[in-house]
Number of protein chains: 2
Amino acid sequence: MAVQQPTIYDVARRAGVAPSTVSRAFGRPERVGARTREQVLAAAKELGYVPNPHARALQTGRHRTIAMVISDIANPHFFELIRGAEQRAKAAENTLVIVNAEESPTIERDQINGLLRSVDGFILAASRLPDDDLRALASKHHVVLVDRELAPLPSVAMDTGSGCRQILEHFASLGHEEFTYCAGPPGSWMGAARWAALKAGAEEHGLRARRVGPYTPTVANGGAAADGALRSGTTALVAHNDLLAIGIMRRLADRGVRVPADISVLGFDDIFAAELVQPTLTTLGGPDAHAGRLAVELLLDLLKAPHGHHVGDDGESPHRIRLPTSLVLRESSGPAARPAPAP
Amino acid sequence: MAVQQPTIYDVARRAGVAPSTVSRAFGRPERVGARTREQVLAAAKELGYVPNPHARALQTGRHRTIAMVISDIANPHFFELIRGAEQRAKAAENTLVIVNAEESPTIERDQINGLLRSVDGFILAASRLPDDDLRALASKHHVVLVDRELAPLPSVAMDTGSGCRQILEHFASLGHEEFTYCAGPPGSWMGAARWAALKAGAEEHGLRARRVGPYTPTVANGGAAADGALRSGTTALVAHNDLLAIGIMRRLADRGVRVPADISVLGFDDIFAAELVQPTLTTLGGPDAHAGRLAVELLLDLLKAPHGHHVGDDGESPHRIRLPTSLVLRESSGPAARPAPAP
DNA sequence: GCAACTTTGGCAACCGATTGCCTTTGTTTC
DNA sequence: GAAACAAAGGCAATCGGTTGCCAAAGTTGC
């Protein structure tokens, strides 16, 4: 258990060369003779030598590791994001470590602080940190945002504007005259953006927008959200995300409200459970895996860039990427009931 | 971006003391005077000093970090495990990093190798690595297994034996005379253990056991599994896990087979989607979060133990923990149909 | 055959912490 | 007031790599 690992010094002795030669045999192959290099490599293999990344990082400042901080790892929405990010990181020979913030800014901060010196950069997915914290962090470290935008940080997010327009058109074409938005946590930038877009576009689609909440977006909290929304006597409901939407549908079923006959329910993210539930859930999804890949790519670009060079300074594209979304029509949305059912 | 961080030398200069004093002010408070310590702490705070964990690890050999390698991070079964492990790790002031093995032994090995020198130990959840690899790893590092057992490594797993007995009793009491097991991936120890337990106990419950597969346990693969099982004209079906079971139910519904009227379907793990699907899924669940906590605890014990001291040597309890499971009865299981429906 | 150059390998400083050992200073004891 | 001891802080070695610089050896050109 936890036996002493061989070092370059062990390898050097075995190969009959100096430690520096061993180091170069790995990192600067052109700086050593071909024969010597082979001997070193052979000795290393025999001994089972594995370089110590931290001793190296101490000198070079590079860890070849990037951290992905997820606001809630239990949310399936992040699966594909993680998978995409992992693939891209591996292709660049970087390790991706994933840490969970459990929807708490405090925990998120702690997790980040704990990794500050261990990783080359951070990808923050749906960060709940205040803007100022984010800017402060970004002034000292490489940071890429996912599901959030904040100038001048590079970010990858779904195109909320066009996505919400699709939702509004969907509602309008089905004859709805209003809808209720069940809000997510106050710290969610995405949540705020969704509501802003829905509210802003409502009027031109002839819709009235209402909001209830905030709710922590879990299936369990759907009950409260459903009750809150029912009181408003609405015909259409948009939930902060699919998890909350699913919880809402369960509660509606329990209360004898039919979906979509009495009320239409929409979610965001298109998680895999959206098509497992009964009725299946209409939801606005996007290319999550692609978002993960792009986030890693942005971060790798940042790492390559000279220090202190802020992207977007010189009129070059500001690396604020918006990905197209698509409304996946399923069974939970349909023509407006009228008049709205009494609670 | 990635600006130079202050070191103990900066803090030392600022506080007017030697670097060693700064180090002790943090790590050995009793070795410095109260006044000096305050000055150092103040200077550190002003400068925003954060200790470099790797420079420290270089000297001490401890990283205060543990790695959790998950065979498939997209499987909701691991949510609670991760959450429990995280909580326990945090309580002990350790960072938990999560890495994904994507159901591949090769990737799992690579991920582990990449972290060998960066963490104090590994928790391998549902490892797909061969026994020999695991033993070799454990001879050089601290390793705790989850959802797998292999002497003499410490492990945490659900009690398959008693769990499967519950399933068999359930089937027998509902009048089933046989059942089909839809197997998971060949590398899954848990899968093998489940089948072994089901098969071993079948006879004494008057049941015939059959097996089809293997299948990669995802919802998408449920189609193939359902077709495979249907051919055998069975009345009861046990899937490797809930994901596969859900996929199976979808396919059965598409083919017009009624659950549970025509066929009962059971899963393992009790993931959150199990009660979202229609019909809701009967499944064998366990205390996942608790398993996560225990795994971290075992690992922390290992780290404290003197090197080379193998647990279980001296007759002390061998740290092979089995957690009680419980069969969660839902709608997907019911009395046997007879005769079995033609395919 | 010698100067100039290139290739190859070694020496030693360095990254940022920790820690054994020593020195200085202060306190206690008789 | 001197001896004995404890407390507090500093010096320097160390962990495992990387890298600038130098020296030795081998090449090339004339």
Side-chain angles (χ1 to χ4, degrees), chain A residues 2-41 43-44 47-65 114-120 140 307, chain B residues 2-41 43-44 47-65 114-120 140 307:
Chain A
V3 167
Q4 184 70 354
Q5 292 272 330
T7 69
I8 50 165
Y9 298 94
D10 301 320
V11 177
R13 200 173 322 121
R14 175 127 185 163
V17 298
S20 49
T21 305
V22 175
S23 171
R24 281 193 274 255
F26 285 95
R28 301 238 184 298
E30 73 283 2
R31 274 297 325 269
V32 310
R35 272 189 56 84
T36 316
R37 184 169 135 82
E38 295 215 349
Q39 286 169 16
V40 170
L41 261 32
L47 259 37
Y49 165 74
V50 183
N52 182 326
H54 304 113
R56 168 183 294 161
L58 200 51
Q59 178 70 12
T60 63
R62 277 284 278 132
H63 299 267
R64 302 202 75 82
T65 300
L115 291 171
L116 272 186
R117 308 292 285 262
S118 318
V119 302
D120 299 321
K140 301 185 144 291
H307 281 329
Chain B
V3 168
Q4 184 70 353
Q5 291 272 329
T7 71
I8 50 166
Y9 298 93
D10 302 319
V11 177
R13 201 173 322 123
R14 175 126 184 163
V17 299
S20 49
T21 306
V22 176
S23 172
R24 283 193 273 254
F26 285 95
R28 301 241 184 296
E30 74 283 1
R31 274 297 325 266
V32 310
R35 272 189 57 83
T36 315
R37 184 169 135 82
E38 295 215 348
Q39 287 170 16
V40 170
L41 260 34
L47 259 35
Y49 166 75
V50 183
N52 181 325
H54 305 112
R56 167 181 296 160
L58 200 50
Q59 179 69 13
T60 63
R62 279 282 280 130
H63 299 268
R64 302 201 74 83
T65 301
L115 290 171
L116 272 186
R117 307 292 285 262
S118 317
V119 302
D120 299 321
K140 300 185 142 290
H307 283 326

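So you know, we letter chains A, B, ... as the sequences are listed, proteins then strands, and number each from 1. Not measured: the values here are computed from a predicted model.
Listed pair A/Thr21 / C/dG10 meets the phosphate criterion, a side-chain N or O lying under 4.0 Å from OP1 or OP2. Residue B/Arg62 has no polar side-chain atom (N or O) positioned under 4.0 Å from OP1 or OP2 of C/dT18. One finds no side-chain N or O of B/Tyr9 lying less than 4.0 angstrom from the OP1 or OP2 phosphate oxygen of C/dC14. Contact annotation: A/Ser23 side-chain N/O to D/dT18 OP1/OP2 distance is under 4.0 Å.
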**Request:** For nucleotides 20-25 of chain D, just jot down a letter per nucleotide in 5' to 3' order: B, S or -, based on protein non-hydrogen atoms under 4.0 Å.
**Result:** BB----
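B/Ser20 is linked by a side chain to side chain contact (heavy atoms under 4.5 Å, CB included) to B/Ala18, B/Arg24, counting only residues two or more places apart in sequence or in another chain. Residues meeting the side chain to side chain contact (heavy atoms under 4.5 Å, CB included) test with B/Ser23, sequence neighbours left out: none. Contacts of B/Ala15 classified as side chain to side chain contact (heavy atoms under 4.5 Å, CB included), with partners at least two apart in sequence or in another chain: B/Val17, B/Val40, B/Ala43.
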Which pairs of donor and acceptor atoms, one on a side chain in residues 27-38 of chain B, lie under 3.5 Å apart (sequence neighbours left out)?
unit_1, atom_1, unit_2, atom_2, d
B/Arg37, NH1, B/Ala25, O, 2.5

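Regarding A/Phe26, its CZ atom lies at a distance of 15 Å from the P atom of D/dT19, rounded to whole Å.
Within the nucleic acid shown, A/Val17 comes within 4.0 Å of sugar-phosphate atoms alone, with no base atom in reach, counting heavy atoms only. Residue-level contact check: A/Ala18 touches the backbone only, with heavy atoms under 4.0 Å from sugar-phosphate atoms and none from bases.
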Find every protein N or O atom lying less than 3.5 Å from an N or O atom of nucleotides 4-6 of chain D, and list the pairs.
none

